[in-house]
Amino acid sequence: MADRESFDGVLVLGAGLAGLSAALALAPRRALVLTPQALLDGCSSAWAQGGVAAALSPDDAPEQHAADTIAAGAGLVDPAMALLLTREGPDAVRWLAALGAPFDRDHHGAFAQSLEAAHSRARVARVKGDQAGKAIMQAVTDAVAASPTIEVRVGRALVLLQDGHGRVRGALVEQGGRRIEITAAAVILATGGVGGLYAVTTNPAAVRGEGLAMAARAGARIADPEFVQFHPTAIDLTEHGGADPAPLATEALRGEGARLIGRDGRPFMDRHHPMAELAPRDVVARAIHRQLAEGKGAYLDARQAVGETFPEEFPGVFAACQAAGLDPRREPIPVAPAAHYHMGGVWTDSDARTSLAGLYAVGECASTGVHGANRLASNSLLEAAVFGLRAGRAAGAEVDPRTAVLPAAAPAELPPEALPALRRAMTLNAGVERTAEGLERLLAEIDSLAARHGEALALTTARLIARAALERRESRGGHWRLDFPETASEARRTFLGPEPVLREAAE
Ligand SMILES: Cc1cc2nc3c(=O)[nH]c(=O)nc-3n(C[C@H](O)[C@H](O)[C@H](O)COP(=O)(O)OP(=O)(O)OC[C@H]3O[C@@H](n4cnc5c(N)ncnc54)[C@H](O)[C@@H]3O)c2cc1C
């Protein structure tokens with residue numbers, strides 16, 4: 001039997017940039033933030049390297065930023081949402097700076113901005129080259145610690161609690177070995193992406209789509225789950241003892257002029273796209289995937305473009321290379337694509353409301369429509385802050401209905417020894433290149449794991465991704481079907497309600 005607790009504010013599940021921005025914006029309403037690990041640990045936000053994209057300079061405009069976002073999204077970006085994101089972007093960056101995030105400045109005190117792939121301007125506000133995530137999250141975490149309205153607890157959410165009308169009333173959580181049913185006026189889901197479901201990923205292990213599964217099981221509308229972005233340049237340490245998760249060689253290195261070369265030392269991106277190294281991520285990821293599949297090797301060569309200044313300009317990447325015995329000043333860095341970002345998620349409106357009353361979703365677990373089929377680099381920290389703030393303001397007005405909560409059983413748990421099989425199957429079959437045959441194999445693996453261990457949250461999310469990828473018989477953005485390489489003339493989003501995938505998943 002779970003204990004019961006009634007919280008007189010809003011329950012926030014997850015403590016990345018999205019969850020903490022929402023918690024801060026909820027004030028003066030109280031927020032209870034639940035995080036499986038201590039603050040700053042186990043969230044992608046603190047690992048971000050490049051920075052936050054926003055039209056901050058006089059020669060840039062939110063409309064131009066929105067146009068780049070729409071172009072990168074391969075026909076599926078919601079233009080109104082993209083414009084909302086980019087118009088509120090500069091204020092969100094200034095808000096982070098006011099909290100103490102030490103963004104790099106030029107000698108006039110203006111934000112120094114990097115150029116990243118598929119941006120038509122240098123518009124990524126950064127911190128000491130590749131330290132943006134850590135520095136931003138430190139500032140936000142300090143603000144949370146100083147806030148009298150926010151309580152943070154270490155714990156993990158398992159199920160969303162609902163009343164007889166389907167309204168979300170709280171969550172069943174695991175906290176210090178106890179199970180507690182916490183009810184609240186509303187719940188903000190901020191549980192991040194799905195990278196931990198893949199064998200090769202840049203995301204922390206704790207980030208594996210659990211919020212998406214919880215929302216789907218509660219009957220929330222899910223959008224575009226098949227669209228997973230693979231970062232082209234994770235550092236491939238397979239010949240150096242391996243690393244899980246894979247460290248990242250930030251896109252900003254390519255912005256600085258680093259080249260992608262094969263084992264023969266020749267650049268290969270010019271053959272794939274006019275923007276070469278700065279082509280959209282999916283194009284670069286596929287080119288690297290091909291190089292590796294054909295045994296030609298893929299390396300990021302920063303010797304000329306960055307050279308001796310590497311340790312000062314990119315201290316995080318330099319440390320990751322050094323730990324593996326690599327010196328990027330003298331040798332090219334071996335790279336491979338890795339699951340990095342989930343464009344799909346729980347469908348939301350512009351105030352982060354989901355299709356279920358009482359439930360909000362923000363950050364990577366949400367699908368606001370701003371990323372379409374392919375996210376523009378450095379738009380996700382921006383989305384986490386902009387929509388986190390919007391969610392906090394909107395959820396702050398929720399009145400606790402005090403309705404009775406229906407009983408909810410905890411989901412099955414996938415034993416740790418079963419997770420590698422799922423992760424391997426996801427990378428192999430729902431990775432950079434997909435086929436109907438591979439996706440069917442993946443679904444069979446998911447079914448077999450579910451038959452042995454029960455329907456764990458990870459399996460529900462994997463099933464959503466696989467089913468939607470199988471249904472999308474075209475190639476677009478982050479979703480590449482070897483058996484359907486053409487892009488359909490009509491661009492359509494995937495929307496999944498509780499039927500039919502979820503009913504099966506809940507059986
Ligand atoms: C290596 C790396 C580099 C990146 N670089 C950039 C960049 O330069 N610019 C950019 O814009 N984006 C970047 N991204 C993407 C960006 O960091 C993320 O998309 C963004 O931080 C997501 O924020 P979030 O708050 O939604 O999720 P996260 O920061 O991942 O936080 C999710 C939180 O939910 C918690 N959680 C998970 N499951 C549960 C559960 N069951 N119950 C309770 N809590 C749970 C997690 O532990 C965590 O606290 C990068 C990502 C990575 C991995």
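In listed order, ligands and their atoms are each counted from 1.
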Any N or O of Asn203 that comes nearer than 3.5 Å to an N or O of ligand 1?
-> no

Got the closest protein heavy atom to atom 4 (C) of ligand 1, with its distance?
-> Ala48 CA, 3.3 Å

For Asn379 and ligand 1, answer yes if some heavy atom of the residue is under 4.0 Å from a ligand atom, otherwise no.
-> yes

Short N or O distance, Ser44 and ligand 1, threshold 3.5 Å exclusive | yes

To which of Ala157, Gly42, Gly14 does the heavy atom nearest atom 46 (C) of ligand 1 belong?
-> Gly42

Atom 37 (C) of ligand 1: closest protein heavy atom, distance to 0.1 Å, is Thr191 O, 3.5 Å

Proximal candidate to atom 22 (C) of ligand 1 [heavy atom criterion; set Glu116, Gln49, Glu364] | Glu364

So, do Leu457 and Arg217 sit near enough that their side-chain heavy atoms are less than 4.5 Å apart?
-> yes

Numbered atoms and elements of ligand 1 in range of Thr202, under 4.0 angstrom, heavy atoms | 1 (C), 53 (C)

Touching ligand 1 at all, Pro36? Heavy atoms, strictly under 4.0 Å?
-> yes

Atom indices of ligand 1 within 4.0 angstrom of Gly50 heavy atoms, with elements = 7 (C), 8 (O)

Can you check whether Ala18 has an N/O within less than 3.5 Å of an N/O in ligand 1?
-> yes

Close aromatic pair by centroid cut-off 6.0 Å: Phe314 and Phe318 = no

Donor-acceptor contact present, side-chain Asp78 to main-chain Gly369, <3.5 Å | no

State yes or no: are the ring centers of Tyr198 and Phe230 separated by less than 6.0 Å?
-> yes

Among all protein heavy atoms, pick the one closest to atom 9 (N) of ligand 1 and tell me residue, atom and distance.
-> Gly51 O, 2.8 Å

Residue part near ligand 1, for Val207, under 4.0 Å between non-hydrogen atoms = side chain

Which protein non-hydrogen atom lies closest to atom 23 (O) of ligand 1, naming both residue and atom, and how far is it?
-> Ser45 OG, 3.1 Å

Heavy atoms only: which of Leu34, Leu376, Leu381, Leu248 is nearest to atom 3 (C) of ligand 1?
-> Leu248

Top protein contact for atom 49 (O) of ligand 1, by heavy-atom distance | Ala15 N, 3.1 Å

Would you indicate which of Ala190, Gly193, Pro247 comes nearest to atom 33 (C) of ligand 1 when only heavy atoms are counted?
-> Ala190

Please indicate whether any nitrogen or oxygen in Arg156 is less than 3.5 Å from any nitrogen or oxygen in ligand 1.
-> no

Taking N or O atoms only and a 3.5 Å limit, does Met214 qualify as a polar contact for ligand 1?
-> no

Looking at atom 52 (C) of ligand 1, what's its closest protein heavy atom, distance included?
-> His340 CE1, 3.4 Å

Contact check, Gly133 vs ligand 1, heavy-atom distance below 4.0 Å | no

Nearest to atom 10 (C) of ligand 1, what protein heavy atom do you find, and at what distance?
-> Ser380 OG, 3.3 Å

Counting from 1 in the order shown, the ligand 1 atoms closer than 4.0 Å to a non-hydrogen atom of Gly363 are 26 (O)

Ligand 1 N/O within reach of Pro204 N/O, cut-off under 3.5 Å | no

At under 4.0 Å between heavy atoms, what of Glu383 touches ligand 1? The answer is neither

Nearest protein heavy-atom contact for atom 27 (O) of ligand 1: which residue, which atom, what distance?
-> Gly192 CA, 3.4 Å

Please confirm whether Tyr341 comes within less than 3.5 Å of ligand 1 when only nitrogen or oxygen atoms on both sides are compared.
-> no

